[in-house]
Trainee: 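Quick one: this structure, given as C-alpha cells, is what I'll be asking you about.
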Amino acid sequence: MPFWRKDPAKKELYTSVTEGLKQVYKTKLLPLEEAYRFHEFHSSQLEDSDFSAKPMVLLVGQYSVGKTTFIRYLLNEDFPGIRIGPEPTTDSFIAIMHNERPGVVPGNALVVDPSKPFRPLSKFGNAFLNRFVSSQIKNEILETITFVDTPGILAGEKQRVDRGYEFSQVLEWFADRSDRILLLFDVTSLDISDELKRAIEVLRRNDDKIRIVLNKADSVDQQSLMRVYGALMWSLGKVLGTPEVCRVYVGSFWSRPLTFDTNRRLFELETKDLFNDLESLPRTATLRKLNDLIKRARLARVHALIISELKEQMPSVFGKDSKRKELINNLHLVYEKIEREQSIPLGDFPKIERMQDILRNMDFTKFRPLDRRLIERIDKMLSEDVPRLMSMIPQEEHAYLQLNSQSESGNAPSGNTIFSDQQETPFSIGGIEGINAGIGEHEWIVERSKHEYDQVFVQLSPQNGKITGASAKQEMIKSKLPNNVLGRIWKLSDIDKDGMLDIDEWALSQHLVKIKLEGHELPNVLPDHLIPPSKRHLINKTDNSAGSSYGNNGLYPSVASNNTSGYN
C-alpha cells in the first residue's frame, strides 16, 4: 500500500455507539473474517441492519408448549397468520414485527429488503424461505422488540421426517442474532426429543441469552409442580452439560382462568420478573450488540490462528492429502499448540467436532498464512475502540430513559400492553398487599389490630404517654428481625423524631414488623395512608416547610417505586 494512502481502519470518529460498531466491524474485523474464510465456518457476514435492528426475542420449544400463545399473551391481540392448536400448527419461522399496516410478508421478499436483518437467510434456499414469513402489525410492544416464533420441535416418528432445510442451522443463525432466547416447556410433557436435544446443543454457545419458561404451570397442583421442576432441572443439566442452569420462569402465560391457583402468588412474581427482563432489552440492546461483537472478534482471531497454523504445517509439494487427514484427526494438537504459544483459553476455541466436519471439505492449500497486521488490528480494536464505545453507552442509555420519560409524561399510557395492564390498579404486584394495604380506605388500617398493640404498649410502662427506645427494643427484637430492619422500622415509626414512641407510633411500628414478617418489603419513605391520624398535622407542616414527601404518586403504587436505594 503506498504510504500516502490512508488506512480506512484508522478512521475512528464515532457519532454513536451503533455507528461505531458498524465502522469498527467493517474496517477492522471484516477484513480478518474474509481473509480466513470465517463466514464459511461460523457465521455469515454482518450487515448494517444487524447493528440497527430492534432487539429480537426467539421462542423455541416442542409443539404445543404455548410459544404462539405466549406471544399472543404479550401483545394482547392476534397477529396476522396466527394459528394456535394442540398439534403442530406453526409450521414456519414467523417474525412478528411492527408496521402501521398489518399484513404478512413472505420470506423471499424479506431477504431482499435491506432494511431488515434477514438478508443472509437466503443461503438456506427456497425450502426454508417458503417456511419463513413476517407478520406485521401495529402494536406498542413491537415498536421496541421483535419476536420470532419457530416451528414446534417434533418428537417420536415425526422428528425423522426431513423438513427440507437444515433446521438446526437456521435456529443457530437466529440465536446468534437474538437478544433473548426463551426455551419453553410444558409441565405435562417434559420429554426432550432428539430434535430438541440437537436444538439445545446449537443454542448452547449463546447460553447467556437463554431463559427457560416452564409454561402451563397451573395445570398441576403444588406437589406435582415441585416434582416437575426438579425433573426439568435434571433433564436440562444433562443436555446443557453444565452444573449451572439458566434462569427458569414458572407460570401460565395465557389469559385462561387458573386451574390450580394455590401458586398464584408465585406465578405473579415469576411473570413480573420475566416481563422486567423483556422490558429491559431495548434499553440494553446496544450493550449486547457490543458484547456480541467482542465475542465474534475473539472467535475470529482464534479462527485465523487455527487456519494459518494448518497452512503452515502443510507440505509444499508431496503428501498433501495424507497430511491434511492427519491434521484433521489431530486437530486437538493444533488447539493445544495455539493455546500454549498464544496464551488463549480453550473456551475461546470453536467446537473441535464442528471444525473437523467443515475442514474435511476444505482445500488447505488455499488457506492464507498468518497476517500479523490483521491480528494487531483486532488487538487494537479490543484494547482501544471497544473501551471507547463502552464509555459512550451510559450516555445513550440515559438519553433513552429521558426520552421515554418525556413521552410518558406527554402522552397518557395506552394500557394496551401486558406490561401496562396492571399498572396503577389493585392488581399490580404489591398494589394492595404489604405496605400498600389500606390505600384508599377511610379507616387507618393499623386500627384493625391496634387493640393488641395497645395491650403490649401498656405492659411496657410508658411515661408521659411514651415509651423509650430501650423499652421498645426489648419487645421488638422478639420478632427476630435483623437490627438494620428494626432500625428502619423505628425511623419510619418515630414521626415526631423525639426518640420515643407514643401509643399510635408504637402501633405503627408493630404493623410494619408484621408486614416484614409476612415476607413483604419496607419502603424508604412512609406512605400517606400509614401516617397515624394524630400525626398528620406534623407531616403537613414538614412538607410545607422542608418540601419532603411522605406520600406516593399513584393510587396503587408498587413497593419497588419507593425503593430508590435498595433495602433488605
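What you see is a predicted model; the values in this text were computed from it and never measured.
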Trainee: Answer whether the closest heavy-atom distance between the side chains of Val228 and Thr188 falls below 4.5 Å.
Mentor: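 Val228 vs Thr188: side chains apart.
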Trainee: Between Arg72 and Glu77, does any NZ, NE, NH1 or NH2 come within less than 4.0 Å of an OD or OE carboxylate oxygen?
Mentor: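 So Glu77 does not pair with Arg72 through a salt bridge.
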Trainee: Any salt bridge between Glu201 and Lys351, counting N to O under 4.0 Å?
Mentor: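 Salt bridge between Glu201 and Lys351, a charged N being under 4.0 Å from a carboxylate O: no.
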Trainee: Salt-bridged, Glu452 to Lys514, with N to O below 4.0 Å?
Mentor: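 No, this pair does not count.
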Trainee: Under a 4.0 Å threshold between the charged nitrogen and the carboxylate oxygen, would Asp50 count as salt-bridged to Lys289?
Mentor: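 Judged by the 4.0 Å cut-off on N to carboxylate O distance, Lys289 and Asp50 do not form a salt bridge.
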Trainee: Is a side-chain N or O of Ser493 found less than 3.5 angstrom from the main chain of Trp490, in a donor-acceptor match?
Mentor: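 Not a single qualifying donor-acceptor pair exists.
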Trainee: Would you check if Trp234 and Leu190 make a side-chain contact, meaning some heavy-atom pair closer than 4.5 Å?
Mentor: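 Counting from C-beta outward, Trp234 and Leu190 never come under 4.5 Å.
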Trainee: Measure from the side-chain N and O atoms of Arg288 to the backbone N and O of Leu281, and report whether any donor-acceptor pair falls under 3.5 Å.
Mentor: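 The answer is yes, because a donor-acceptor pair under 3.5 Å joins these two groups.
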Trainee: Are the charged groups of Asp179 and Lys209 less than 4.0 angstrom apart, N to O?
Mentor: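 Salt bridge: no.
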Trainee: What do the steps show when you test Arg180 against Arg211 for side-chain contact (heavy atoms from CB on, under 4.5 Å), and what is the final call?
Mentor: CA-CA 7 Å; Arg180 187 68 74 236; Arg211 301 293 184 271; 3.5 Å; yes
Trainee: What orientation do Trp173 and Phe118 show, parallel under 30°, tilted 30 to 60°, or perpendicular over 60°?
Mentor: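 Rings of Trp173 and Phe118: tilted, as their planes differ by 30° to 60°.
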Trainee: Between Glu268 and Lys272, is there a side-chain N and carboxylate O pair less than 4.0 Å apart?
Mentor: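 Looking at Glu268 and Lys272, the cut-off is not met.
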Trainee: For Asp186, does its backbone N or O pair with a side-chain atom of Ser189 as donor and acceptor, under 3.5 Å?
Mentor: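 Such a contact is absent between Ser189 side chain and Asp186 backbone.
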Trainee: Which residue, Asp207, Asp208, Asp348, forms the salt bridge (charged side-chain N to carboxylate O under 4.0 Å, His left out) with Lys295?
Mentor: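 Exactly one pass, corresponding to Asp208.
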Trainee: So, the side chain of Ser235 versus the backbone of Leu232: is there a donor-acceptor pair under 3.5 Å, distance only?
Mentor: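 Checking the backbone N and O of Leu232 against the side chain of Ser235, no donor-acceptor pair under 3.5 Å is found.
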Trainee: Do Lys138 and His98 come close enough that some side-chain heavy atom pair is under 4.5 Å?
Mentor: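 In contact.
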Trainee: Given ring pair (Phe, Tyr, Trp, His ring centres under 6.0 Å), test Phe167 with Phe93 step by step and report yes or no.
Mentor: CA-CA 10 Å; Phe167 177 79; Phe93 282 82; 5.8 Å; yes
Trainee: Judged by atom type as modelled, is there a donor-acceptor pair below 3.5 Å linking the side chain of Ser134 to the main-chain atoms of Ala95?
Mentor: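 Yes, because the side chain of Ser134 sits within donor-acceptor range (under 3.5 Å) of the backbone of Ala95.
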Trainee: Does any part of the side chain of Tyr73, heavy atoms only, come nearer than 4.5 Å to the side chain of Ser255, both counted from C-beta?
Mentor: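 SC-SC contact between Ser255 and Tyr73 confirmed.
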Trainee: Donor-acceptor check, side chain of Glu172 to backbone of Val202, threshold 3.5 angstrom: yes or no?
Mentor: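 It does not hold such a pair.
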Trainee: Taking the ring centre of each residue, are Phe70 and Phe147 less than 6.0 Å apart?
Mentor: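 Centroid distance Phe70-Phe147: not below 6.0 Å, so no.
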Trainee: A side-chain contact here means heavy atoms from C-beta on lying under 4.5 Å apart; do Ile82 and Ile94 qualify?
Mentor: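 No - every pair of side-chain heavy atoms lies 4.5 Å or more apart.
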Trainee: Any donor-acceptor pair under 3.5 Å linking the side chain of Ser224 with the backbone of Asp221?
Mentor: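 Checked: no pair found.
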Trainee: What's the verdict on salt bridge (Lys or Arg N to Asp or Glu O under 4.0 Å) for Lys116 and Glu47, showing C-alpha distance, side-chain angles and the deciding distance?
Mentor: CA-CA 10 Å; Lys116 301 291 191 300; Glu47 305 284 345; over 6 Å; no
Trainee: Where the side chain of His529 meets the backbone of Ile435, is there a donor-acceptor pair that is under 3.5 Å apart?
Mentor: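 Flag set: sc His529 to bb Ile435 pair under 3.5 Å.
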Trainee: If only atom types and distance count, is the side chain of Asn126 paired as donor or acceptor with the main-chain N or O of Leu129 below 3.5 Å?
Mentor: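 No.
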Trainee: Atom OG of Ser219 and atom CG of Leu258: how far apart are they, to the nearest 0.5 Å?
Mentor: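 It comes to 9.5 Å.
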Trainee: Determine whether a donor-acceptor pair (N or O, by modelled atom type, separation under 3.5 Å) exists between the side chain of Thr150 and the backbone of Leu59.
Mentor: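 Yes, because the side chain of Thr150 sits within donor-acceptor range (under 3.5 Å) of the backbone of Leu59.
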Trainee: Taking the side chain as everything from C-beta on, heavy atoms only, tell me whether Val456 gets closer than 4.5 Å to Gln510.
Mentor: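 Val456 vs Gln510: side chains apart.
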Trainee: Is any side-chain heavy atom of Pro350 closer than 4.5 Å to one of Leu299?
Mentor: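 In short, these two side chains touch, coming nearer than 4.5 Å.
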Trainee: Is the closest basic N to carboxylate O distance between Asp218 and Arg256 below 4.0 Å?
Mentor: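 Between Arg256 and Asp218 there is no salt bridge, as every charged N stays at least 4.0 Å from the carboxylate O atoms.
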Trainee: Within the structure provided, determine whether Leu58 and Arg177 are in side-chain contact (heavy-atom separation under 4.5 Å).
Mentor: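 Answer no - side chains too far apart.
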